[in-house]
Every structure is written in structure tokens, then in C-alpha cells.
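Throughout, a chain's letter reflects where its sequence line sits, starting with A, and its residues are numbered from 1.
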2 protein chains.
Amino acid sequence: MTSRIAVISIDALRPRPIAEFWAAVLGWQILEEDPDFITIGPADRPGPTIDVCPVPERKTVKNRLHLDLRADGSTAAAEVERLIGLGARHADVGQDPDSSWTVLADPEGNEFCVLARSVQDVEGAR
Amino acid sequence: MTSRIAVISIDALRPRPIAEFWAAVLGWQILEEDPDFITIGPADRPGPTIDVCPVPERKTVKNRLHLDLRADGSTAAAEVERLIGLGARHADVGQDPDSSWTVLADPEGNEFCVLARSVQDVEGAR
């Protein structure tokens, strides 16, 4: 008897561009669209989906929860460039300038990190 | 070329009790403990792990990201009772009182939901 993580829910002033941003980041698709949420998820892999939910208030403080991503099929540096092209921007949350990860924020300012080691680096090290 | 969600990172004033809470919620184990983070994860399933990271500031506003959980091996009602026993409490984020899900918060106030349908309900409906 436990719980399983089914959904990571993200509040957004404008859900559609945030759902499209994260779908492009993760290579996911819009699975369902409803006035109360937009669900995005992977076509081919189990695991949590993301719901983007409309809220009236904008982001004010550093998020207490954030996602750490790994580049899949490229290097972290190339993936950071791709994400910047999708609308991410560099973010300063007081991280050590020598950190191995890169701190970015989505178009509504939600911080996330790109880890230095790609999926292939981690799988190759196993 | 995409990114994959590797880690859901949670800021905590006191990381150890929050890591223990979420490990008990999810049936996960502490995989790594470092001054900068505690990693918890499942023994038997791929997917994102959780890092609980120490921060000096306490939670102030409703989280912009939250997790939605499904009961695995029990009903939502029984799972909510179990989670309350682990240190969760009911939370009011302005949800409709007729919502099918239950809004709870972890010991540092991080909101999360327990969805009405269990893992077995969803898998049975496929």
C-alpha cells in the first residue's frame, strides 16, 4: 500500500504556451485539453505526465519544487541551447557559478535545471 | 534530441524528515545522502527520483508545482488516512468542495493531491 506519482502539476497564467513549451522540451504530446488543465505526456514511456492548470496569479517567489532534466540524445550544452531557443532563459537562484548543472526558467519563470550528464552518459556508466 | 525528467527537487528547511515522509508515501528508499541533498527513489521501477535539498527559507505561498498521487494497492480514502498518519494534513487551496481529489500538504506545507482513482482502477479501465 503506497502512492505512485501520477502527475506533476504546473500552475500557469497562460497554460497553452507553457504546455507547448514543456511538450517541446520533453518530446511529449498534448494528450488532453480541458478548461481546467492541459495534459502532456510521452507517447512511448510510462511515468508521470504533466498537467498545466490555469491560475489567476503570477509566480512570485523561487519555486519550492523544480524539475532536473537530462539531455537525451545530445550533450547538456547543446540541449541548453535548444531549450533557450524554445523560450527558456538562464536563471539565477544563487547557485554556485562552478555548479555542474545549468539553471534555466520556463516562459513563466518556473526554474528547472539541466544536469551535466546526459541520459546516455548515465546509462553508459552503468 | 529531447530532455528527460531525471529528478523532482524539493526544497526543505529540514531535509531529513521531508525525505523520510516522501519515501514512506511512495514506498521508496533513501538512495544517497549528501550535505547538499538527500535522494530517494524506487527500488524496482524506472522514472524520476526525488532530491530533497536544504534551503534557509520556509515555504510562503502556494506551490506553483505539485504532485498528484494515485493509491497503489488500496483505495484513495484508505491511502489518505495512511498519509495523514505519516504526517500529511488536509490543505485548502480554494478547491471545489466537490472535487474528486483530496488536497493534502506534507510536513513543510507542500501541497499535493491524492486522485480518486487508484493505480488499479486506471489499469483495470484500460
Open item on the list: Under 4.5 Å between side-chain heavy atoms, counting indirect links through other Ile/Leu/Val/Met/Phe/Trp/Tyr residues: same cluster for A/Val93 and A/Ile84 or not?
Closed with: no
Task: Choice from A/Ile8, A/Val122, A/Leu83, A/Ile50 maximising heavy atom contacts with chain B below 4.5 Å - done: A/Ile8
Open item on the list: Set out, in order, the CA-CA distance, both residues' side-chain angles and the distance that settles side chain to side chain contact (heavy atoms under 4.5 Å, CB included) for A/Thr39 and A/Asp34, then state yes or no.
Closed with: CA-CA 8 Å; A/Thr39 300; A/Asp34 183 278; over 6 Å; no
- [ ] Following the transitive rule for hydrophobic clusters with a side-chain heavy-atom cut-off under 4.5 Å over Ile, Leu, Val, Met, Phe, Trp and Tyr, establish whether B/Val25 and A/Val7 coincide in one cluster.
- [x] no
- [ ] Please flag which part of B/Arg70 lies under 4.5 Å from any non-hydrogen atom of chain A: side chain, backbone, both or neither.
- [x] both
Open item on the list: side chain to side chain contact (heavy atoms under 4.5 Å, CB included) for A/Val103 and A/His66? Distances and angles first, verdict last.
Closed with: CA-CA 10 Å; A/Val103 184; A/His66 72 258; over 6 Å; no
- [ ] Could you tell me whether a side-chain N or O of B/Gln120 sits under 3.5 Å from a main-chain N or O of B/Ser118, the two making a donor and an acceptor?
- [x] no
Open item on the list: Just so I understand: if I count every heavy-atom pair under 4.5 Å between each of B/Leu115, B/Leu69, B/Ile5, B/Asp68 and chain A, which residue has the most?
Closed with: B/Asp68
Open item on the list: Is B/Asn110 in contact with chain A via its backbone, its side chain, both, or neither, using a 4.5 Å heavy-atom distance?
Closed with: side chain
Open item on the list: In this structure, is the centre-to-centre distance between the rings of A/Phe112 and A/Trp22 below 6.0 Å?
Closed with: yes
Open item on the list: Given heavy-atom pairs under 4.5 angstrom as the criterion, report whether the side chain, backbone, both or neither of B/Val114 touches chain A.
Closed with: neither
Open item on the list: Could you walk me through whether B/Ile40 and B/Glu33 satisfy the side chain to side chain contact (heavy atoms under 4.5 Å, CB included) test, starting with their C-alpha distance in whole Å, then the side-chain angles of each, then the deciding distance to 0.1 Å, before giving a yes or no?
Closed with: CA-CA 9 Å; B/Ile40 63 169; B/Glu33 191 157 2; over 6 Å; no
Task: Region of B/Val119 that comes under 4.5 Å of a non-hydrogen atom in chain A - done: side chain
Task: Under 4.5 Å from a heavy atom of chain B, the part of A/Arg64 involved - done: both
Task: Greatest number of heavy atom pairs closer than 4.5 Å to chain A - which of B/Glu79, B/Arg4, B/Lys62 - done: B/Arg4
- [ ] Please look at B/Pro42 and chain A and tell me whether the side chain, the backbone, both or neither of the residue comes under 4.5 angstrom of a heavy atom of that chain.
- [x] neither
Task: Cluster check A/Leu86, B/Met1: I/L/V/M/F/W/Y, side chain < 4.5 angstrom - done: no
- [ ] Name the option with the most non-hydrogen atom pairs under 4.5 Å to chain A; the candidates are B/Ile10, B/Leu26, B/Val55, B/Asp51.
- [x] B/Leu26
Open item on the list: Could you go through A/Glu32 and A/Ile38, starting from their C-alpha distance and side-chain angles, then the distance that decides it, and tell me whether this counts as side chain to side chain contact (heavy atoms under 4.5 Å, CB included)?
Closed with: CA-CA 6 Å; A/Glu32 192 175 351; A/Ile38 301 173; over 6 Å; no
Task: Part of B/Ala12 within contact of chain A (heavy atom distance under 4.5 Å) - done: backbone
TODO: Measure distances from B/Thr60 to the heavy atoms of chain A and classify the residue's part below 4.5 Å as side chain, backbone, both or neither.
DONE: side chain
Task: B/Glu108 versus chain A, the contacting section by heavy-atom distance below 4.5 Å - done: side chain
Task: Options A/Cys113, A/Gly27, A/Ser9, A/Ala6, ranked by heavy-atom pairs under 4.5 Å with chain B, top entry - done: A/Ser9
